[in-house]
Every structure is written in structure tokens, then in C-alpha cells.
Amino acid sequence: MRRMKRTLCMAVAALAAVAVVAGCASRPAPSVYTDEDRALDVASFDFVWEKVRDVHWDPGMGGVDWDAARADLRPLVEGCASRREARSHMRALLGRLGLSHYGIVPGELYARIEREGGDVNPDAEAGLTLRAIDSTAVVTAVRAGSPAEAAGVRPGWLVESIRGRSVGDLLDALAEEYEGQRLRTITASVLGNRLQGGIGDTVVVSFIDGEGLSREMSLPLVPRRGEPFTLGNMPAMRVWIESRRIDGDAGYVTFCNFLDPPRIMKAYNEAMAGFMDAPGLVIDLRGNTGGMADMVVWMCGWLVAERGAYIGTMHLRDTELKLVIPPRAHPYEGPVAVLVDELSVSAAEFMAGGLQALGRARVFGSRTAGAAIPSLFERLPNGDSFQYAYADYVSADGKHLEGSGVVPDEEIALTRESLLWTPDPVLAAALAWIGTQGQEDASGADAGGE
């Protein structure tokens, strides 16, 4: 059995969403479930139980009776009638821990990766970002230059249906299927997937615009941002980074996850080098699904001059590891705003929470996912992939981010009304703050010169 390991700070909810939209949404007809299949599932259950027992940072398993959990659930796997059923019992086992970064990603997803050349995601998109707000699907962003922008779609518009299917019904079905789980990531991914397809295809979307009028639009699909990247036993994921100067000449950089370090770190370093004279810097981590902790500390090295500073500590069973920032010779010294939302996960929480704890950045947006512990991936005997945490994480100011998340310095809850009034209220607030920092600097300089 192949057991490649890769250390990641990326919650399985994001990968589960990939499985939902890419692997399980179009599930093939069930095959015959054999005794051999069942034996592999039992072996996989045993592997999962033993791995958690051996590597959990707390020998007491956080108060969970792990032996009792095995006694309760292993017989159910021994008597199951399908791999899907066995998988549900393994997820129930992991669910007793009450933590993120534990999960099972179906092996069918990997079969599809191999069959389709390494990238399970559709090739094209319309350029819209949707979020569920108050049980409705709301456009929260429209990418510049996208078909959606060309068609006149604006943030704050409601989406009634996609491809003829009611979005309200879809949201209700997801809420029922994933009751009690981290639904926002899955919901956002499923909604986004409905707007994707092949290059040259079109997607029909029914909107309610800012005036309350219904509009049905046929949006052409264009190539998606980013390039596919695969690490160890993870599904292939798209990776992209963008940077530019925005209002008031501030620097702005955003990226979807902390993966593909040769390409992303090169682009990030080039962006930061070009922003050294900027009056402020915005790092947009909204929707960032996490990734490699090493990339976080190297990115923070552009912002922190103090030697020995660290963003947080990983507590393993027998030791601890501080995530120390390697400072650059000439770091950026201007004001830094970090943007986050409920889909900012794991390594993105490390960066936002770490810079906040060091007093090096002001955080804007909504509370992050609270899925912030380091993890590994391994393949199971039955071909599924297993994600498990191996350490607790505490930010530099002593806060446990797992389960609580990063609380922004300025919390800004998105509503349909706020989006219709200001296309990006969170970014607007960050830029307004950066503007005040420039005024304060100028005022201080004047006072010192008198």
C-alpha cells in the first residue's frame, strides 16, 4: 500500500467539497460490494483508529473514549453493504473528536483524477462568486474582465436558479445532507460548481437585480484562473495568485491557497518587491483554503522586521514547534490590512491571526472558519485518502484558533444591501483605514517639525 505523507494546514472541508462537486455529484451506478471490499474497509477503519490513537497530541484524546468509539463502530463496518456506508462509519468515528482536519476523501475521486489527466475541476467559469446569505444565494464578487462583468452582473444580485434548477432547493438539500457540519465551504463550492463547465459552454442563470427585477442571462464560460497542482495524496487543485495597485496606490495581493510554492512564492516576492513604496498593503485571504505553513512564515518575512518573531506554535504529543518568521533585510514597513471571511481556513488563519497577534496587521471581514490545526494525508487500504491532525495550534498571543477562528479587528458582515451599496465593503473599509494611517503619519511628521 502506498502511504505518501505531506504536511498541510488545509481543512478537509475544502477537499470534501471537491469530492461533492467533482466526484460524488455524478456518482456512477453502484458495483457489487464483495467480501474483499469489506475486508479492505475494515482494515481502513483499523488504520484510521490506530493512527489517531498514536499521533493525537493529547494522549487522553481530548476526553473522548477512543476504545469505546472503536467498539461501537467497527462492527458496523464489518456488517456494511457498501463502501459509502463504511465511509460514513469512519467519518462518524472521526466526528467524535469534534475537530477539523479529520476526514475521508473518496477513492473514486482519485480514479477520476487519473482518468481525466490530473485535474478534476471543470475547465471554465463565468467569473462569479456566490455565498449563501440569509438562506439565499447572493453574488458577492464579479471578477474583472469576466463574462459576468460584461453582462452587467453586480454584487448584491440574488441568484434564483442555475441551469434551470432552483438554488433555494439546492441550499435546502445541502443543509439537510450536511446538517451539523461546516456547511459554508461546501455550499460555496457547490454553488460555484454550478457556474462552471467546459470552455465555450454557456450557463443560464436567473438573477434578481438591485432593482428587484428578474433577469435571465446566458453567460459564456471562459478558462478558469490558475493551474492544477497536486501534492501527495491530495486531489488536484487549481492555484492562482493576483496582485495590483488599487485605489490610493495601495498594494493588493490575493491568492487561493498556500500551495505550489515555486510559482506562488515567486509571484508573491515579485509583488512585494514592487509594493515597497506603497502607502499601504492589502492581503486578501477571503476564501483561501490554506496549505503549507512554511509558505506562511516566508510570506510574513516581508512584513516583520523583528528577529525571532513567530506567528504561532504547533504542540505535538512529545514536542512543540514554533513557526518562526525569517525576516528579510528590508521588509515592508507600511500599514498592512488582511481581509478574511468564514471561508478563510487553516494556514490562512495562521497568517491572519499571527500578523494580528504581532500587531503587524489590522484584520477586516468576518470571523474565519476556526479550522486551524496542521495535518497529514495518507492513502488507506481501500484506496480512500485519510486526513488527520497531528498537532494543536496556538497563535503567538496564546489563542487556540481551532473552533474559534480569527476575530477581525473590524467585523463586517456582508448583506445584500451592503453589497448593492458598495461592491466590496470589506476592501473599502481596509482602504479607508490605510488612508487614515497616512494622515496620522503626516500629522506626526508636522508635529515633529514644529
Side-chain angles (χ1 to χ4, degrees), residues 7-11 14 100-101 185 239-243 251-261 264-265 267-269 271-272 275 280-306 309-314 321-328 331-332 334-375 391-402 404-410 426-427 430:
T7 301
L8 282 180
C9 301
M10 172 176 284
S100 69
H101 290 70
T185 299
V239 182
W240 54 262
I241 182 171
E242 296 179 355
S243 63
Y252 174 89
V253 61
T254 184
F255 45 98
C256 60
N257 50 45
F258 293 83
L259 295 174
D260 197 357
I264 298 304
M265 287 304 305
Y268 181 86
N269 292 341
M272 292 301 301
F275 292 152
L281 174 66
V282 176
I283 300 175
D284 191 345
L285 300 179
R286 290 175 293 181
N288 188 298
T289 55
M292 301 176 181
D294 287 350
M295 291 179 65
V296 176
V297 295
W298 282 102
M299 287 180 173
C300 289
W302 277 97
L303 308 172
V304 178
E306 177 187 353
Y310 62 96
I311 61 171
T313 305
M314 295 182 184
L321 175 65
K322 291 188 183 299
L323 299 183
V324 178
I325 299 170
R328 301 184 70 88
Y332 177 77
V336 179
V338 177
L339 314 186
V340 297
D341 65 9
E342 65 274 11
L343 301 186
S344 302
V345 174
S346 205
E349 297 179 272
F350 289 8
M351 187 172 192
L355 291 174
Q356 183 187 56
L358 292 170
R360 186 59 191 94
R362 188 166 182 81
V363 180
F364 296 80
S366 54
R367 185 190 294 257
T368 63
I373 44 180
S375 63
D392 193 11
Y393 178 81
V394 180
S395 63
D397 55 356
K399 294 178 181 176
H400 286 263
L401 300 182
E402 176 70 15
S404 59
V406 177
V407 179
D409 298 293
E410 291 192 29
V426 178
L427 178 58

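Numbers for residues simply follow the sequence, beginning at 1. All figures in this text were calculated on a predicted structure; none of them were measured in a lab.
For Glu306, the side chain to side chain contact (heavy atoms under 4.5 Å, CB included) partners two or more places apart in sequence, or in a different chain, are Val304, Ala309. Applying the side chain to side chain contact (heavy atoms under 4.5 Å, CB included) rule to Trp302 yields the partners Tyr268, Asn269, Met272, Ala273, Met276, Arg328; only residues at least two apart in sequence or on another chain are considered. Remark: Ser366 pairs with Glu342 by the side-chain hydrogen bond (donor to acceptor under 3.5 Å, both in side chains) rule, at least two apart or across chains. Residues satisfying the ring pair (Phe, Tyr, Trp, His ring centres under 6.0 Å) test with Tyr393, not counting sequence neighbours, are Phe350. Under the rule for a side chain to side chain contact (heavy atoms under 4.5 Å, CB included), the partners of Ala391 that lie at least two apart in sequence or sit in another chain are Met314, Leu316, Pro374. Partners of Phe275 by ring pair (Phe, Tyr, Trp, His ring centres under 6.0 Å), not counting sequence neighbours: none found.
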Side chain to side chain contact (heavy atoms under 4.5 Å, CB included) evaluation trace for Leu323 with Val296: CA-CA 9 Å; Leu323 299 183; Val296 176; over 6 Å; no
Derivation and outcome, side chain to side chain contact (heavy atoms under 4.5 Å, CB included), residues Ile241 and Val253: CA-CA 7 Å; Ile241 182 171; Val253 61; 4.1 Å; yes
Audit row: Ile283, Met351, side chain to side chain contact (heavy atoms under 4.5 Å, CB included) steps and yes/no: CA-CA 10 Å; Ile283 300 175; Met351 187 172 192; 4.0 Å; yes
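In terms of heavy atoms, Leu355 sits closest to Cys300 at CD2-SG, 3.9 Å. Of all heavy-atom pairs spanning Ser346 and His101, the tightest one is OG-NE2, 2.7 Å. Residue Ala371 comes nearest to Val345 through the heavy atom pair O-CG1, 3.9 Å, listed as atom of the first residue, atom of the second, then distance. Minimum heavy-atom separation, Leu259 to Ile264: O-CG1, 3.2 Å. When all heavy atoms of Ala347 and Gly291 are compared, the closest pair comes out as CB-N, 3.5 Å. What you find for Pro408 and Val340 is that their closest heavy atoms are CG-CG2, 4.1 Å.
From Ile311, atom CD1 reaches atom CD1 of Ile325 across 6.0 Å, with rounding to the nearest 0.5 Å. To the nearest 0.5 angstrom, Ser395 atom OG is 10.5 Å from Glu349 atom CD.
Counting heavy atoms from C-beta on, the side chains of Pro261 and Met292 come closer than 4.5 Å. A 4.5 Å side-chain heavy-atom check between Asp392 and Ile373 finds at least one atom pair inside the cut-off. Looking only at side-chain heavy atoms (C-beta outward), Asp409 and Gln356 come within less than 4.5 Å of each other.
Sorted by first then second residue, the salt bridge (charged side-chain N to carboxylate O under 4.0 Å, His left out) pairs that include residues 281-295, not counting sequence neighbours, are Asp284-Arg286, Arg286-Asp424. Within the structure, every pair that satisfies the salt bridge (charged side-chain N to carboxylate O under 4.0 Å, His left out) test and touches residues 350-366, not counting sequence neighbours, is listed here: Arg362-Glu410.
Under the side-chain contact (heavy atoms from CB on, under 4.5 Å) test applied with Thr368, the options Val407, Leu285, Val406 reduce to a single match, Val406.
Side chain of Asn257 to main chain of Val239: no donor-acceptor pair is present (N/O by atom type, distance under 3.5 Å, no hydrogens or angles). A donor-acceptor distance shorter than 3.5 angstrom exists from the side chain of Asn288 to the backbone of Phe255, with no hydrogens or angles considered. Counting only distance, with no hydrogens or angles, the side chain of Tyr310 and the backbone of Gly354 share no donor-acceptor pair below 3.5 Å.
In Trp298, the CH2 atom is not crowded: 12 or fewer heavy atoms of neighbouring residues, nucleotides or ligands sit closer than 6.0 Å.
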